[in-house]
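See structure below.
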Amino acid sequence: MSPSTASSELATARPHLRVKVATTRIAALKPGSRRRVSEQAMYKARFRALVRAVADGGWTADAQGKVVQKIPQWTAFTGQSFAQMRGDGWNAALHPDDRRRVFETWFQAVREGATHYETEYRLRRRDGVYRDVWARGVLVLAPDGTVREWLGIWSDITERKQQEEELRKHRDGLDQLVAARTAKLAAAADELAATIEELEAFAYSISHDLRAALRAIDGFSRILLDGYADKLDPEGQRLLKVVRDSTVTMNRLIDDILRLSRAGRMEMKLGPVDMGELVSDVFATELASATTGRELAIAIGALPEADGDAALLRHVWLNLLDNAIKFTAPKPHARIEIGSTAGAAETVYFFRDTGVGFDMKYAGKLFGVFQRLHGSEFAGTGVGLAIVKRIVTRHGGRVWAEGKVGDGATFFFALPAKGSTS
Amino acid sequence: MIDKYERVELLLVDDSETDAELCMRTLKEHHLANNIVWVKDGEEALDFLFGRGKFAGQAVENRPKVVLLDLRLPKVDGLEVLTQVRADVRLKTVPIVVLTSSNDDRDIAESYRRGANGVVSKPVEFGEFTDVVTKLGLCWLLVNTRLY
């Protein structure tokens with residue numbers, strides 16, 4: 001055996017290397033000097049060491065697939081004597097359920113001259129315990145190309161198999177856990193969807209039934225005023241007017257509840273939104289009519305493009321503008337300033353006014369539904385900023401405000417920066 | 001029996017008594033409709049139009065000039081009334097205006113899809129309400145040319 005063929009053998013014997021050495025030709029050894037013999041002995045010793053290094057044992061079989069040489073490790077493991085294992089006798093040490101399969105695949109490999117053979121089976125240890133064994137072998141050709149023999153290794157892989165089984169159990173357990181959690185989440189999502197649907201039905205019913213009731217209150221008090229005016233003194237007429245005014249307020253409340261509900265459930269159509277254009281548009285259509293005869297300075301800074309739903313974001317600006325127009329009304333000269341600061345993770349837009357401001361003590365209440373920090377001198381139901389918050393939150397952003405009584409307010413909303421994953 | 005329904009001009013389908021009263025009062029005050037039939041649910045509306053149930057004897061061909069139909073109704077809702085009426089070859093062309101408290105986009109779209117001739121939202125403020133009802137009466141009872 002020359003060194004080069006020995007290294008080929010080495011590569012073949014280590015399955016994890018998966019070196020494709022199909023067959024190995026053993027150089028014909030000329031009977032020679034003592035030096036040659038000792039060299040040969042050394043190779044033999046090294047070869048055995050190599051086998052022990054990679055496996056529990058080696059094996060050989062002749063070209064017909066019969067065991068013709070002692071396999072000491074096999075005998076030690078199974079207790080089978082050479083007489084018992086020679087020829088096809090080794091097969092008797094296998095688990096009865098594995099014998100036929102292993103035999104068939106083995107002789108198929110032998111018959112077909114397969115370049116390599118690999119299998120797993122349960123092997124009875126001498127104490128009677130079956131162990132999982134992995135075996136692998138390669139065909140060795142003689143210099144003339146005929147099959148010389150089979151060389152192989154075998155190993156007890158019981159522990160490895162048990163670990164694999166453990167792992168599999170853990171993985172299955174994990175899968176089950178994930179499945180259970182997923183099912184739980186899905187159930188929660190269904191429940192939430194059902195709740196939202198209920199709320200929608202509630203909002204619908206509000207819009208229908210409450211409006212009908214309001215129409216009746218307003219209509220019949222109006223009929224009373226028209227038809228029975230002569231029977232009512234001025235105070236009676238005033239009282240009826242209070243009734244009718246209240247229906248107007250209540251109708252506005254209903255409208256706002258519906259607007260809020262819609263802001264929450266409207267399907268989002270995401271895309272790039274030119275905030276500068278959006279703000280100009282909102283100002284162009286909403287500002288003029290609301291501020292006739294007022295002195296209002298407006299400064300709009302650069303506004304970066306946002307990722308979002310243009311229709312919903314329009315409502316954000318619209319509600320902020322309404323808010324600013326409303327709370328700057330008592331001031332003779334008012335100023336509105338809009339701008340932004342772009343960060344890596346989010347873009348912050350701000351809306352500043354020089355209106356009546358608010359006490360920071362109540363800043364947390366500003367964005368709550370039906371929360372009002374001002375009395376009836378300012379119109380509104382306290383839903384505008386709640387809508388702002390709901391829309392911004394749906395975009396994955398946040399809202400906050402700063403202010404001082406009598407000294408204006410600044411409303412901020414931050415949206416995830418374009419292209420950021422949050 | 002037939003005489004009783006002969007001159008029906010308007011069928012009002014509304015489960016709200018107050019809405020119905022305000023509506024009929026307005027129409028009568030403006031002398032827009034003399035013979036109004038008011039029913040309180042979708043089943044009665046279909047009974048009237050198809051001449052069955054307590055309206056047996058009313059000829060299907062004797063159709064009102066217009067039906068004012070609310071959407072949210074007991075038993076059979078307004079959208080279902082629309083569907084059944086439009087599926088009948090004799091009633092396919094009867095003018096139906098949906099008059100509803102809802103201003104939900106989906107209701108409006110669905111009403112048109114099922115063949116409503118118009119959709120009108122009931123204003124809450126009485127002045128606006130009478131204005132809308134008066135205009136509807138003028139349009140469908142006086143201005144509009146009926147099919148037969």
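In what follows, every chain begins at residue 1, and chains take the letters A, B, ... in the order their sequences are listed.
Between chain B and the residues A:Arg244, A:Met250, A:Arg211, the largest count of heavy-atom pairs under 4.5 Å involves A:Arg211. Ranked by heavy-atom pairs shorter than 4.5 Å toward chain B, the options A:Ile223, A:Thr247, A:Val248, A:Leu258 are led by A:Ile223.
Applying the 6.0 Å contact sphere to CD of A:Glu191 captures no more than 12 heavy atoms from other residues, nucleotides or ligands. Around the CD atom of B:Glu29, the shell of radius 6.0 Å holds more than 12 heavy atoms that belong to other residues, nucleotides or ligands.
Summarising the geometry of B:Leu22 relative to A:Ala216, their closest heavy-atom pair is CD1-CA, 4.2 Å, with the distance given to 0.1 Å.
In this structure, the portion of B:Asp70 lying under 4.5 Å from any heavy atom of chain A is its side chain and not its backbone. Looking at B:Glu17, there are no atoms closer than 4.5 Å to chain A (heavy atoms on both sides), in backbone or side chain.
Residues from residues 124-131 of chain B that place a non-hydrogen atom less than 4.5 Å from a non-hydrogen atom of chain A comprise B:Val124, B:Glu125, B:Phe126, B:Gly127, B:Phe129, given in numerical order.
Donor-acceptor pairing under 3.5 Å is recorded for the side chains of A:Arg215 and B:Ser101.
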